[in-house]
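Below is one structure; the comments refer to it alone.
When a residue number appears, it is its place in the shown sequence, counting from 1. In listed order, ligands and their atoms are each counted from 1. Everything numeric in this text was worked out from a predicted model, so none of it was measured. Hydrogens, waters and symmetry mates are skipped; everything else that's a heavy atom, side chains included, is used.
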Amino acid sequence: MAFPAQRLRRLRQNEGIRGLVRENELSANKFILPLFAVPGSGIRKEIAALPGNYHLSVDELVHEACAAKDLGIPAVLLFGLPESKNDEASGAYDPKGIVQRAVRALKRSCPDVVVITDVCACEYTTTGHCGFIKDGYLDNDSSLELLTKITVSHAEAGSDIVAPAAMLDGQIAAMRAALDGRGFKNLPIMAYAAKYSSKLYDPFFKEGTNSTLAFGDKRTHQMDYSNADEAMREIALDIEEGADIVMVKPALFYLDIVARAKREFHMPLAVYNVSGEYAMIDAAARMGRLNRDSIMLEALTSMKRAGADLIITYFAKRAAEVLERKTGSGYGHVEAEVLEEALAKVR
Ligand code: PBG
Ligand code: ZN
């Protein structure tokens, strides 16, 4: 063979050719935007740890979801900050609770937005735990009853997809049965199937939902980050129990899990690009060490390349804007000035 018959650089010589052979591309229509609902009206308060993301009263939240939809983002993932917390976490299943109100308003005012609701108790319990603590341990089966009640109340409010987040044993089966029994047999479940116990959630608790744990940690239900085979068992079980979409969380440090999950299960696969991943990029960009938009696209594309079908991300709106205005400067290597200029125009 004459040297060199294969010159891989032939297909890299300009953006036109690079674009033709590009294997993975981001698209806003696979993004899911997390939103935080708070009581009151006219409230739009930036979350310090998640710049560009806000605590939104229901009226403002509706605007935000519609704006996201206009950018091509089809779905939102709802979290609620209740007026008050209690030991029963009653705010989580109150038909007039914050998430339930937000769901109803969204379905009324922007019916085309897919409304996904996070099902957990940790924003609503005084302890910040995901259910009931008995002798220092998160009690599985009594907490399951609580989470099932929350699921049904979300369904009754009009949620389009429920997303059980607690990593309790048997939760998907319990919720599926409860939903089916109440006439919601067509309501899909997006399971936080392989959710790791991770310090990357800290900005979410501390500033996103104000639900820092009063004591202990979540290591008796969320996964140990040293494990990979176990994640496959978690995902397999959730599928067996009726999950329609499975999720790996967090995303960036867990792309090996994402790749394996895509290979082993032929299911719609979501990743959650969590608060700490967002905060790291934001901090580095603020310090002038990394270009925010370039790193954002590189990070999100890595999730896609690993096998994620859906990406839950606080970057959703910014990434959608950038993708819409992407210039010839090259995918994944967006020129900072070009973008800043483009973004300044839309702001
Ligand atoms: C559970 C939930 C958590 C996150 C999303 N849903 C925290 C947890 O269960 O430990 C974290 C998301 C993030 O860090 O962005 N309600
Ligand atoms: Zn929780």
Side-chain angles (χ1 to χ4, degrees), residues 31-37 47-55 76-82 85 89 91-93 97-99 116-133 138-140 143-144 146-151 154 159 161-169 171 175 190-214 216-225 234 247-254 270-282 299-300 303 310-316:
F31 292 157
I32 298 170
L33 175 68
L35 292 178
F36 298 88
I47 301 168
L50 300 169
N53 292 268
Y54 302 84
H55 284 151
V76 297
L77 174 61
L78 283 190
F79 296 96
L81 282 77
K85 307 179 191 240
Y93 54 82
I98 183 68
V99 163
I116 309 174
T117 52
D118 180 273
V119 178
C120 207
C122 47
E123 288 109 64
Y124 304 89
T125 52
T126 21
T127 60
H129 278 287
C130 301
F132 300 125
I133 301 288
L138 181 71
D139 186 66
N140 198 85
S143 300
L144 252 191
L146 167 64
L147 292 170
T148 302
K149 220 150 86 177
I150 300 171
T151 307
H154 288 183
S159 174
I161 299 178
V162 288
M167 291 292 283
L168 293 182
D169 289 332
Q171 66 173 358
M175 291 173 191
M190 177 170 82
Y192 285 75
K195 174 171 175 177
Y196 286 86
S197 176
S198 170
K199 281 289 174 208
L200 288 167
Y201 309 149
D202 279 4
F204 175 93
F205 294 127
K206 289 184 181 156
E207 296 172 66
T209 57
N210 305 328
S211 54
T212 304
L213 290 175
D217 55 49
K218 296 182 174 179
R219 288 185 296 173
T220 72
H221 49 113
Q222 298 179 348
M223 278 188 59
D224 182 333
Y225 58 65
E234 279 285 1
M247 191 205 300
V248 172
K249 177 184 170 190
L252 286 177
F253 297 169
Y254 298 82
V271 292
Y272 199 139
N273 175 216
V274 302
S275 56
E277 300 172 51
Y278 185 91
M280 284 193 286
I281 293 176
D282 174 63
L300 295 173
M303 297 167 206
L310 300 169
I311 302 176
I312 303 165
T313 179
Y314 304 101
F315 283 121

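Under a 3.5 Å cut-off, the side chain of E207 and the backbone N or O of I47 do not form any donor-acceptor pair. In this structure, N140 contributes its side chain and L168 its backbone to no donor-acceptor pair below 3.5 Å.
Closest to atom 15 (O) of ligand 1 among all protein heavy atoms lies Y314 OH, 2.6 Å. Looking at atom 5 (C) of ligand 1, its nearest protein heavy atom turns out to be K249 NZ, 2.8 Å. Among protein heavy atoms, atom 7 (C) of ligand 1 sits closest to F205 CZ, 3.4 Å. Protein heavy atom in closest approach to atom 6 (N) of ligand 1: D118 OD2, 3.2 Å. Counting only heavy atoms of the protein, atom 14 (O) of ligand 1 lies nearest to S275 OG, 2.7 Å. For atom 10 (O) of ligand 1, the closest non-hydrogen atom on the protein side is Q222 NE2, 2.9 Å.
When every heavy atom of I312 is checked against every heavy atom of P34, the shortest pair comes out as CG2-CG, 3.9 Å.
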(message) Applying side chain to side chain donor-acceptor pair (under 3.5 Å) to H154 and T117, what does each step give before you reach the verdict?
(response) CA-CA 7 Å; H154 288 183; T117 52; 2.9 Å; yes
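Ligand 1 has Y272 within reach: a non-hydrogen atom of the residue lies less than 4.0 Å from it. The shortest heavy-atom distance from E277 to ligand 1 is not under 4.0 Å.
When the heavy-atom distances from atom 8 (C) of ligand 1 to H129, K195, E123 are ranked, the shortest goes to K195.
Separation of atoms OG (S143) and CD (Q171) is listed at 10.5 Å; rounding is to 0.5 Å.
Checked against the 6.0 Å centroid criterion, the rings of F79 and F36 qualify as a close aromatic pair. A ring-centre distance under 6.0 Å is not found for F253 and Y225.
Looking at F79 against ligand 1, only its side chain comes within 4.0 Å, counting heavy atoms.
The distance from ligand 1 to the heavy atoms of K218 drops below 4.0 Å at these ligand atoms: 8 (C), 9 (O), 10 (O). Listed by number with element, the atoms of ligand 1 under 4.0 Å from a non-hydrogen atom of Y192 are 5 (C), 6 (N). Counting the atoms of ligand 1 from 1 in the order shown, those under 4.0 Å from a heavy atom of C122 are 1 (C), 16 (N). Atom numbering of ligand 1 starts at 1 in the shown order; those under 4.0 Å from a heavy atom of C120 are 16 (N).
The Zn ion (ligand 2) lies at the vertex of an angle of 120° between the SG atom of C130 and the SG atom of C122 (rounded to 10°).
Under 3.5 Å, the side chains of D118 and Y192 contain a donor-acceptor pair of N or O atoms.
Remark: of the listed residues K195, E234, K249, E234 is the sole one forming a side chain to side chain contact (heavy atoms under 4.5 Å, CB included) with M223.
With Y93 as the aromatic partner, K149 meets the cation-pi criteria of under 6.0 angstrom to the ring centre and within 45 degrees of the ring axis.
The Zn ion (ligand 2) has C120 among its coordinating residues (N/O/S atom, backbone or side chain, under 2.8 Å).
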